[in-house]
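Report on one structure; see the data block that follows.
Sequence positions, counted from 1, serve as the residue numbers for this chain. Note that this is a predicted model, so its numbers are computed, not measured.
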Amino acid sequence: MKQKTWIAVIVVGTLAINAMAYVVVRKRRASDVPPPPPVSGTLPAPTPPVAAPAPPAEDANEGLSRARRAAGLAALEDRDYDIAVREFTEALSLRRSPGGDLVELLRIATDLQSRERDRARVEPARPAREPAVTRTPPRAKPSRASPSRASPQHTKEEPPPVLEEPRNGLLLVTSTPPGLVVQVDGKAVDMTPARLPLRPGTYRVALAQGERRLMEETVVLEEDGVHSLNRDVSEQLAPPAPPRPVASTAPTEPQPTPPVVAAAPVAVKAEATGRGELDISSPSLYGEVWVNNRPYGFPPLVAQNLPAGPARVEVRVNGEVKRRMSVEVEAGRRVAVRVR
């Protein structure tokens, strides 16, 4: 009797397990079945609108960084080096990559700040000079020796006075954009931002790009003084706008329509027509960008109104070509170019 009972329990359990497995398989198959196609004449369900991506926050940071840089340059001209160091530090922290001339400007401002503090510390520490006390020499006893046999000790020659050399002044030259050649009295000495120790005097300082002088100014440098020169020459470096065609007022005769010629079966490569643009950036090398032997300024920049087809892009530092590449300009489009 017990054996029959166990056999019945096993059979009933097996059936129950199979039934549960069958139900699970049916549910899975029902979930995998695709929804039925819409009936003709009915409109599809509207697609929910996709939220537009938020504008990048780095544009605002870039503008604020430029404003901080301008405030630091103004503080340098006013010789307020503490504010200049603070503004350049803030401008550098707002940029994700330490590009441009902010690192060099911060180094110059820190150097000038420490120099000003050392000068303020040394000047009050100098003791006041005591007035020289004139003492009457003791009367010499008359010597019985002849004047020709006088002792050489009484003929002492005084040393000549030592002339102090004038201390140099400091000329600080900055520009917007940076990387321009600084010329002093017609000689190229450095690139902006530049810190030039010079002797006191009058100098002719110019900013140049290649063989082109952008500005020139006379600077008077005093002894142990600091003179700041900052100029914005962005408008002079902008590429000139293409000339607009002048409409002719004279009546023109209609041109005859050329006959249409059937195209040959052989494929012929047509010349590219139209104009395009190049968005050029150079994160690892800072130099002047030339496109088709024409200067366009310093990156990042957009070279506009370029003829479609291959274009030669060069990056020059102090007139020397450091990078050269060929880029295809597409008509009616802006192509991004990254110089490494």
*Hey, mind stepping through Val315 and Val321 against side-chain contact (heavy atoms from CB on, under 4.5 Å) and telling me if it holds?*
CA-CA 6 Å; Val315 178; Val321 179; over 6 Å; no

May I ask you to say whether [X] pairs ionically with [Y], meaning some side-chain N is under 4.0 Å from a carboxylate O?
X      : Y      : result
Glu277 : Arg333 : no
Arg121 : Asp118 : yes
Arg324 : Glu314 : yes
Arg195 : Glu104 : no

What's the separation between atom [atom1] in [X] and atom [atom2] in [Y], rounded to the nearest 0.5 Å?
X      : Y      : atom1 : atom2 : value
Asp101 : Leu106 : CG    : CG    : 11.0 Å
Ile10  : Thr5   : CD1   : OG1   : 11.0 Å
Leu172 : Asp111 : CG    : CG    : 10.5 Å
Leu221 : Thr202 : CG    : OG1   : 9.0 Å
Gln209 : Leu207 : CD    : CG    : 10.5 Å
Gln113 : Ile83  : CD    : CD1   : 11.0 Å

Any donor and acceptor pair, going by atom type alone, linking the side chain of [X] with main-chain N or O of [Y] inside 3.5 Å?
X      : Y      : answer
Ser65  : Asn61  : no
Asp232 : Ser234 : yes
Arg68  : Ala91  : no
Thr192 : Leu180 : yes

So do the side chains of [X] and [Y] get within less than 4.5 Å of each other, counting heavy atoms only?
X      : Y      : result
Val173 : Leu171 : yes
Tyr22  : Ile17  : no
Tyr286 : Pro177 : yes
Gln236 : Arg212 : yes
Pro310 : Glu328 : yes
Leu229 : Glu217 : yes
Leu170 : Leu112 : yes

[Y] reachable from [X] in the ILVMFWY side-chain graph, under 4.5 Å edges:
X      : Y      : result
Tyr203 : Met191 : no
Tyr296 : Trp290 : no
Leu196 : Val220 : no

I need the minimum non-hydrogen distance between [X] and [Y], along with the two atoms involved.
X      : Y      : result
Glu288 : Phe298 : N-CE2, 3.7 Å
Gly287 : Val317 : CA-CG2, 4.0 Å
Pro193 : Pro178 : CD-CB, 4.4 Å
Val181 : Ala188 : CG1-CB, 3.7 Å
Val182 : Ala194 : CG2-CB, 4.1 Å
Asn230 : Ser175 : OD1-N, 3.9 Å

_If you count heavy atoms of other groups shown closer than 6.0 angstrom to CD of Glu222, is the number above 12?_
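Incorrect, the count does not exceed 12.
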
*Can you list every ring-ring contact (aromatic ring centres under 6.0 Å, His included) pair that touches residues 207-227, not counting sequence neighbours?*
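Sorted result for residues 207-227: empty, none.
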
_Criterion side-chain contact (heavy atoms from CB on, under 4.5 Å) on Val302 and Gln304, from CA distance to verdict_ = CA-CA 6 Å; Val302 177; Gln304 302 176 351; 3.9 Å; yes

*Apply side-chain contact (heavy atoms from CB on, under 4.5 Å) to Leu73 and Leu105, showing your working.*
CA-CA 9 Å; Leu73 291 176; Leu105 287 174; 4.1 Å; yes

_Any side-chain donor near an acceptor of the partner, Gln183 and Arg213, under 3.5 Å_ =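 Checked: Gln183/Arg213 side chains pair up, N/O donor to acceptor below 3.5 Å.
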
_salt bridge (Lys or Arg N to Asp or Glu O under 4.0 Å) partners for Asp279, two or more places apart_ = none

_Test applied, side chain to side chain contact (heavy atoms under 4.5 Å, CB included); reference residue, Val327; option that passes from Val337, Val291, Ile280_ = Val337

*Please determine which of Arg69, Arg231, Arg66 meets the side-chain hydrogen bond (donor to acceptor under 3.5 Å, both in side chains) test together with Thr176.*
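Among Arg69, Arg231, Arg66, the one that satisfies the side-chain hydrogen bond (donor to acceptor under 3.5 Å, both in side chains) with Thr176 is Arg69.
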
*Apply salt bridge (Lys or Arg N to Asp or Glu O under 4.0 Å) to Glu116 and Arg79, showing your working.*
CA-CA 9 Å; Glu116 191 71 17; Arg79 299 185 182 181; over 6 Å; no

*Would Leu285 and Lys322 satisfy side-chain contact (heavy atoms from CB on, under 4.5 Å), going step by step from the backbone distance to the final call?*
CA-CA 9 Å; Leu285 178 63; Lys322 295 295 184 180; 3.6 Å; yes

